[in-house]
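Quantities reported herein were computed from a predicted structural model and do not represent experimental measurements. Order of the sequence lines sets the chain letters (A, B, ...), proteins ahead of strands, with each chain counted from 1.
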2 protein chains.
Amino acid sequence: MENKIENIPCERQDHASCDKHIAAVHDTMDVLHGKWKITIISLLGFGKRRYSEILKEVKGISGKMLSRELKDMEMNLLVKRTVISEQPISVVYELTDYCIELLPVINSLAAWGTRHRQCIVEQFKQERQDIPA
Amino acid sequence: MENKIENIPCERQDHASCDKHIAAVHDTMDVLHGKWKITIISLLGFGKRRYSEILKEVKGISGKMLSRELKDMEMNLLVKRTVISEQPISVVYELTDYCIELLPVINSLAAWGTRHRQCIVEQFKQERQDIPA
DNA sequence: CTGCATCCTGGGCGATACTG
DNA sequence: CAGTATCGCCCAGGATGCAG
């Protein structure tokens, strides 16, 4: 029951560094918090978009939430906002280079999620044939 | 404003794969949902722990939440629960090999979080000397 | 010690209507 | 078209107490 490190593919060795690690994770999660930000980032990873386009393409999001999230993300330097002064006015959002560094992270989340879904499906099948009668 | 992919270090090319990508991310986030799971995983990445040890080491968590989260994680095959029939009874939790695959993902979250914190600090300093008078 | 039931509060988020 | 204001629901999660 000791603090033997085994099979752990990372380099956390003591309580202090463990706490720092956790704090760092929370820094990221704070930035990504809420129901929508990751989706928005994924979408914008696809290319710059206007407000109304995002509204359409992110299924289910309301206008209030979208502007709130975008404002938030702009403050966190994740997104660049550009006003196009035409008729009528339009606003374009795009990922900052900084935020683009998040994409690989999000990709790794996606990769694990894909495997996880398969695993759950397997498990389900398994259970169904364990109790067949 | 087209769907030009540029500077994007990942391979999402069309709407269908983009949607799948997003769904996969949500699969992962569902598993990690709530205020505590990532922290618990990080801690257990450190070595197996008893219930009461986790309760002490994860600052701020309540008993209710801890058992709820652990049960949840057990169902998702993230954690292995072992009852030690001694006096008094104790229960040991440890990461499954499956969950250990999540550690690199969490590490990448931490890595970005560390950089982000530095970036925010820089930005703050910047602003303070932009409006010094 | 481990873990569940109950009660309760805050705030995340949706719906709608309104302004520039 | 972009964004704000108001209202209110709902549920994650905190506190406490009980059970095995």
Worksheet item: Are A:H21 and B:N107 close enough that a side-chain donor and a side-chain acceptor fall under 3.5 Å?
Response: yes
Over how many whole Å does the gap from [X] atom [atom1] to [N] atom [atom2] extend?
| X | N | atom1 | atom2 | answer |
| --- | --- | --- | --- | --- |
| B:I40 | D:dG13 | CD1 | P | 11 Å |
| B:Y93 | C:dC1 | OH | P | 14 Å |
| B:K37 | D:dA12 | NZ | P | 10 Å |
| B:L70 | C:dT2 | CG | P | 11 Å |
| A:I54 | D:dA2 | CD1 | P | 9 Å |
| B:R50 | C:dT2 | CZ | P | 5 Å |

Could you report the tightest heavy-atom contact between [X] and [Y], atom names first, then the distance?
| X | Y | result |
| --- | --- | --- |
| A:L77 | A:T96 | O-OG1, 2.7 Å |
| A:A24 | B:A110 | CB-O, 3.4 Å |
| A:I22 | B:S42 | CG1-CB, 3.7 Å |

Fill in: Nucleotide-resolved protein contact map, nucleotides 10-20 of chain C, B/S/- at heavy-atom distance under 4.0 Å
---BBB-----
Discussion item. Strictly below 4.0 Å, N to O, side chains only: are B:D72 and B:K37 in salt-bridge contact?
Written reply: yes
Practice prompt. Mind telling me whether B:H116 and A:Y98 have parallel, tilted or perpendicular rings, with 30° and 60° as the class edges?
Written response: parallel
Item to complete: Look at all strands and tell whether A:S67 reaches a base, only sugar-phosphate, or nothing, counting heavy atoms closer than 4.0 Å.
Response: base
Discussion item. For a quick test of reading the model: is some side-chain N or O of A:S90 closer than 4.0 Å to OP1 or OP2 of D:dA2?
Written reply: no
